[in-house]
Participant: 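Quick one: structure below, then a few questions.
Chain A is the first sequence line, chain B the second, and so forth, proteins listed ahead of strands; every chain is numbered from 1.
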Amino acid sequence: METMLFELALTCYFAATIVCLLELFKGSKATSRIMVGLVIAGFALHTANIAARYIISGHMPTASLHEATSFFSWCIVLLFFFLEYRYRIGLLGSFIMPVVFILMLTSSILPRKIENLSPLLQSSWLFIHTAFAFIGDAAFAMAFGVGIMYLIQEHYVKSKHLGGLFKKLPSLQILDEMNYRLITIGFPFLSLAIISGSLWAESSLGTFWRWDPKEVWSLITWFIYALVLHVRLTQGWRGKRAAILSIIGFSAVLFTFFGVNLLLKGYHSFK
Amino acid sequence: MKIAVVGLNHKTADVELREKLAFNGPKLEEGLQKIREIPGIRETVIISTCNRVEIYLQVQDVEKAYADMKDFFVVFFDVRRDSLDTALYLHKDMAAVKHIFRVASSLDSMVVGEPQILGQLKDAFDFALEKKATGVLLNRLLKKSISVAKRVRTETRIAENAVSISFAAVELAKKIFTDLAGKSFMLLGAGEMAELAAKHMMNNGVQDIIVANRTYERGCELSREFNGRAIRFENFPAELVHTDIVICSTGASTFVLHKEHMQKVMKERKQKPVFIIDISVPRNVDPGINDMDNVYLYDVDDLQGVVESNISERQKEAAKAEAIVEDEIETFRRWMMTLNSVPTVIALRERAETIRKDELERFFNRFPSLGEKERKAIEGMAGAIINKLIHAPTVALKNDAEDKDVLIALIKRLYDLNGEDHEKE
């Protein structure tokens, strides 16, 4: 049952991604409405899938890499709705839905067995810690998408060849502001995730910090985004540089998320 | 019931002639009145803009109307007849419909896709409507042409791209800054083109305007015009720190703004983006500045390049628009067909024949004993009654009366002839 919900959500996201990519070349009000409809349908199914897993397992469904990746995508879509509703940035979906789809596809090929939680992790801290972490990561994913949009639009204006997407993409100022705002959302959530994680470690393991690979890489990610904000405020590193930094930052996020789990071992690793 | 267009436009007449033939102010009403008095002309709409003067007519005889209109122009505007020979054109029937659709859709404009023409056409139509100078045919035609124009605008991107340098500059500014309101703007030097661009910027919401000119007095004059403030030319580099958009046209023979200086400015303004438009020839702004982050420098050639690619984009869209026009002409042609009386006459006769045949058959079934002779006589009588009954309506339909469209509609309704040809709008 919950597997089928997942498959259907994946299908909806896939269809939405196709529509989003079509929109790059030939967009109309109708296509963007179809896109939003598909994303809403996908999101509803996806939510049902996550809820089902929560009920079956009795804990926050972030206990396997499959679940975590799926929850990560869910957070991105949630944030996407918010931005779409609030700011209506043209073509945002075309740059973020592919990310969602790839994450969901990755999630779909990972083992889907519902794991029993090790006693170590059975705590309400699991919910707090992972929720903070994924909301932060979702904001960074969004900043990554917006950063790519910025670089494309910047390239058009700088090179003076106002190519096909010039009209449809939002202005540089909006993209830059959005990039900044998303990072200012993501950064405190990442900080909270790290803090809540260390409090949890203290309460269950008796120590705040154990230099687990995930902890190390989270710290590296944290430093990258701290740097992004710092140079922006002091040196005026905005626009293109900020966009590039947010792309680098997101690769660190992805490595912390996948790389650490697949390549390195630690108590953050899934079974 | 024929449609005709008589007129001239920017392609057939030079501005001097177009000026002479313009229906300005009271001339429009007077002209409309005079044209309506010409015998054979039943409906009239006059459209008079700076690029075209055209009269849309519903007439009986197109050639006669053309000659009458030529006479009218000669007398009304006091121009020489031979000056009209090459300028005046005539479109009739479907060609006239096509012409009006193309005019409304801005396919016949000097700048293809320019949006004003539709408004001008609407005004012209409203005026004629108000003066009761139009009827069924032109009303339908003009309304249709407006809806065709709207369809063209929504289904093609014909009017989307800026095709003048100053509009292209505004378009770019909007893709750099989103909202121009609240942005500060500097006019460096004063030239006609720079002033025009400044006006466009103002129309798009730029409020804070600074003028720096070599002659301070001239700068003050300009700044009053734009409701801004003037500064001395030497002080402009310091002012750049607070300026988001710069238009430069000083007439200097060398660069007045160098990269080293701009680097300092950018540092001071914490890399807030700047858009510099250098429309001076020779250039006044060091082109190397465009390599810097967050500074966007466009010179005249760059803007010209943008405009040219926009124009070619419009031409591609114009081809799509022409296809829409063709499509709509077909719909209109079908509607016009229903105005034609011939099908109605035929339908009326068929209806009468059916009734005659049905009734005779019933009658003969009831009286099978009737002889051949009696049958023939009864058939003849039935035919005579039918013929006499439909004679008068048929004659009325065939006459080219002024209210023919009303008659056709009436007869169709009275005899219930509206079979399959319900034209929906």
Participant: Of the non-hydrogen atoms in Val157(A) and Leu172(B), which two are nearest, and what is the gap between them?
Facilitator: CG1-CD2, 4.5 Å
Participant: Which answer fits Gln235(A), side chain, backbone, both or neither, if we ask what part of it has an atom under 4.5 Å from a heavy atom of chain B?
Facilitator: backbone
Participant: Let me know if Leu162(A) has heavy atoms under 4.5 Å from chain B in its side chain, its backbone, both or neither.
Facilitator: side chain
Participant: With a 4.5 angstrom heavy-atom cut-off, could you sort out which part of Leu175(A) is near chain B: side chain, backbone, both or neither?
Facilitator: neither
Participant: What is the minimum heavy-atom distance between Lys270(B) and Thr234(A), and which atoms define it?
Facilitator: CE-O, 4.1 Å
Participant: Would the distance check show the side chain of Lys158(A) and the main-chain N or O of Met292(B) forming a donor-acceptor pair, the cut-off being under 3.5 Å?
Facilitator: yes
Participant: Measuring only between side-chain heavy atoms, which start at C-beta, is Pro273(B) closer than 4.5 Å to Arg238(A)?
Facilitator: yes
Participant: Would you indicate whether the side-chain heavy atoms of Glu177(A) and Thr178(B) approach each other to under 4.5 Å?
Facilitator: no
Participant: Between the main-chain N or O of Leu303(B) and the side-chain N or O of Lys160(A), is there a donor-acceptor pair closer than 3.5 Å?
Facilitator: no
Participant: Name the region of Lys272(B), side chain, backbone, both or neither, that has any atom closer than 4.5 Å to a heavy atom of chain A.
Facilitator: both
Participant: Could you tell me which portion of Tyr156(A) (side chain, backbone, both or neither) has an atom closer than 4.5 angstrom to a non-hydrogen atom of chain B?
Facilitator: backbone
Participant: Go through the atoms of Tyr298(B) and report whether side chain, backbone, both or neither lie under 4.5 Å from a heavy atom of chain A.
Facilitator: both
Participant: Out of Lys174(B), Lys175(B), Lys183(B), which one pairs with Gln173(A) under the side chain to side chain contact (heavy atoms under 4.5 Å, CB included) rule?
Facilitator: Lys183(B)
